[in-house]
Every structure is written in C-alpha cells, then in structure tokens.
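These notes concern the structure reproduced below.
What you see is a predicted model; the values in this text were computed from it and never measured. Quick note on labels: first sequence line is chain A, next is B, and so on, each numbered from 1. The figures that follow rest on heavy atoms only: side chains count, while hydrogens, waters and symmetry mates do not.
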Number of protein chains: 2
Amino acid sequence: MSLRHGVLGMLTSGPASGYDLLKRFEQSLANVWSATQSQLYGELAKMADESLVEVAAQGPRGRKEYAITQRGRDELQHWMTEVDPDPPRRSAMLLRVFFLNLIPPDQAVAYLRRQADLAAHQHAELAAIGESLRDESDEETFYGRIALEWGLRASTLVQEWAAWAETQVKNATRADT
Amino acid sequence: MSLRHGVLGMLTSGPASGYDLLKRFEQSLANVWSATQSQLYGELAKMADESLVEVAAQGPRGRKEYAITQRGRDELQHWMTEVDPDPPRRSAMLLRVFFLNLIPPDQAVAYLRRQADLAAHQHAELAAIGESLRDESDEETFYGRIALEWGLRASTLVQEWAAWAETQVKNATRADT
DNA sequence: TTAAACATGTAACATGTTACATGATTAG
DNA sequence: CTAATCATGTAACATGTTACATGTTTAA
C-alpha cells in the first residue's frame, strides 16, 4: 500500500493532476517507487473516495487537480513515523546466483561480470543525476541526495561483490581439478 | 515470471511436491524469492500444463511429486544465461527517505537509526545462517554462500549509509539555525 | 487418542502491467 | 493544419496475499 503514500508525499508540495504526478514519478521517484499511468488514476480515484485527497480545481481538457486533505496528511504522518518499511522480498539477480551451479564456471563468471557492468552503468546514471542537482540548492533536494547516495553505494557494492565472487568461483574451479 | 524459474531451479536437485517446495522456499530462498503455498500450487499446475514439469510419482495423502522436464531445463537455461534480471523497482525504505523533510529533523534521525538497527538485526540473522553452514561442505552450498555474502554486505551498507545520513541531517540542522 | 505434520486446492481480494480508447490544447 | 503534448479513463491479464476448506498419516 505504498503507492498511495508516494502520491500523498508528492501532493505535500502542492496540488497536482494525475498527469503531473505521472511525470514526477517518472522523473524523481523512478528509482525508488515506480508507478504506471493506469495505477495513478485508479489510486487517485480511490483516495478521493476515502477523503485522503480532494479535487481542488478543474482545468482545461478535463484536468483535475488533486490536493491532499488533513486526513491524507494524518495518514502520511502515521506511515512515515510508525510503520516499518517492508524489506524487499525478491531479487531476480540473487535468485539466479542460487542456481549458478547449473551452468559451467565460465558462464557463471560471465554472469557475475554482467551484473558488475550493469551496476557500473547504474552508478554512472545516478552520478549524472547528482551532477544535474549540483546547482539546485538544498531544502527541496536534501533528502533526494541522501537517497541518491544510497543508490551510489549500492551500485558500488554490487561491483565489489561481483569481483569478489568471481575470485571465489575461480579458486573453487582450480581447487576442483 | 521468476517464481516459475525458482521452482524449476529447485527441481533440478530432484523431484519434489508442492509441500516440499514450500519448505525449501521458506528455508533457503526466503531472503531471495518468497512464495506462498497458494502461489506454488497454482504455478505447479500451470507449469505442468505447459510441460515444464510433470507428475513423476504419487504418494500418500494425495502427494504429487513433480519432476523437471527437458523443456523445463531448456527454459531454465535460457533464463539463466540470456535474460537480464529486472532490477528492483521499489524500496519502501527509500520512498520514506524522499519525504523525510515532512517531519522534524530529530524524527528523521530516529528513522535513520531505526533503519540501521533493522539492518544490524538482519546482518546478525544472516551471520547465523553462515555459521550453520559452517560444517556443510561445498558443492551444494557454494553459491548460497555467495548470495549470503551479498546480504551481509548489503546490511552493512545500510548501517554505514544511515550513519552518514545522520551526520548530514545534523550538519544541515545546525547550519540552519 | 489426539496434536503435529503432511498435503492439496480454491476463493476473494489487492496490486501491478500493457494495451486500447478518446479527446482537447498548444506550438510550430 | 498538424504533430506533440496534455489529459483521463478502462479492460484484460498477470502476479501476489490471506483466508478458508478438506482430509490423511505419524508420533507421542
């Protein structure tokens, strides 16, 4: 149920339409909580039903600007301070690692290198976002930078871990023969 | 569509029933790919329809032992070597970080400390699993250990990052006044 | 004899993805 | 005038969770 909290959080910086929200999810939240257009419109309707948001204004092309209500603020507050985040329960990358014994060691090594490469690319992308934030000063982006730092460290971790794993596989292979 | 690949991977070490598979998912795969009983029975039925697995034997209490077929092995091989794993698209923990500006700095710090604590607990649990694997020798557990090492490093990362973030928040707060 | 473990299956519901359908407004 | 952007909505389908329903076998 975190999509709604993402929406509520976005609405704290001002009213927005479903369309606006989609852009914001794609831009700033893409790496943290993805959402599709379809999901957003559906969730906004449900949240309006439950009075967590309300239609504050209408615009051209049937545009509906939603604003967060007090109930919405309360719900967001509660979620922020009293609900522990669920840890991620699934990693497609690690699931494959579990079954790497099913392919020859050289292919396992290729898999690990590929993961390191993907992580390097991700690191570069995140670093670019960091660069683009260079001018923008604090307040608005402060915690965005904190989250960004997590991403930077996580992608470095994958690269280091994959390199370590590669040496493990090679040692084991040599010891085998 | 990775549940089915998890099942296929499990079945490479021999035939198993839905019940067996559930235990194995709970024990060894819990941190990597979770699955419920309901999901497993449903997926096994679908996979049998598609000839990726077959009922190899029946046992007491209506027990059905499924075995992987050649088609299943081919599918698994393809997934392992030719399909890039999807990166995780959602982190409830980081989503909250994005909105930490909505709560007072001392509460934001409390949030970060809580995440560090949770990560420390997770690290301890994983270390215990590592200990329990101490006796068990290679082959079977080799790549499990590699995956475990990822978990250990990831939980350390969260602790270090949270500590760093805490200093950032404190510096910013002091500079503010 | 009775509790725990074994064993399967399904219904209801929540969440998430892709594709389709429709139309208004703006900028070049 | 016409392409891009703005804007909403829904249908179909896939995936995932919780709860219910049912019955057998084994071990204490």
Requested in this report: Report which part of the nucleic acid A:S17 touches: base, sugar-phosphate, or nothing (heavy-atom distance under 4.0 Å, all strands).
Outcome: sugar-phosphate
Query raised in the report: Contact class for A:R4 (heavy atom, under 4.0 Å): base, sugar-phosphate, or nothing?
Result: nothing
Query raised in the report: For A:Q39 and D:dT8, what is the distance between atoms CD and P respectively, to the nearest whole Å?
Result: 16 Å
Query raised in the report: Rounding to a whole Å, what distance do you find between A:Y19:OH and D:dC6:P?
Result: 4 Å
Query raised in the report: Does A:K23 count as lying over the ring of A:Y19, i.e. NZ or CZ under 6.0 Å from the six-ring centre, within 45 degrees of the axis?
Result: yes
Requested in this report: Would you verify whether the NZ or CZ of B:R4 falls within 45 degrees of the ring axis of B:W79 while also being under 6.0 Å from that six-membered ring's centre?
Outcome: no
**Report entry** Cationic N near anionic O, under 4.0 Å, B:E75 to B:R71
**Finding:** no
Requested in this report: Would you kindly compare B:K23 and A:W33 by the position of their nearest DNA chain C nucleotide and give the one closer to the 5′ end?
Outcome: B:K23
Requested in this report: Identify, between B:R90 and B:Y41, the residue whose nearest nucleotide on DNA chain C lies closer to the 5' end.
Outcome: B:Y41
Query - Side chain proximity check, A:L29 to A:M10, heavy atoms < 4.5 angstrom - result: yes
Requested in this report: List for me each residue that meets salt bridge (charged side-chain N to carboxylate O under 4.0 Å, His left out) alongside B:R145, sequence neighbours excluded, and say none if there are none.
Outcome: none
Query raised in the report: In this structure, which one of B:R61, B:R63, B:Q58, B:K64 forms a side chain to side chain donor-acceptor pair (under 3.5 Å) with B:S17?
Result: B:R63
Query raised in the report: Which is the 5'-most and which the 3'-most nucleotide of DNA chain C that has an atom under 4.0 Å from a heavy atom of chain A?
Result: C:dT15 to C:dT25
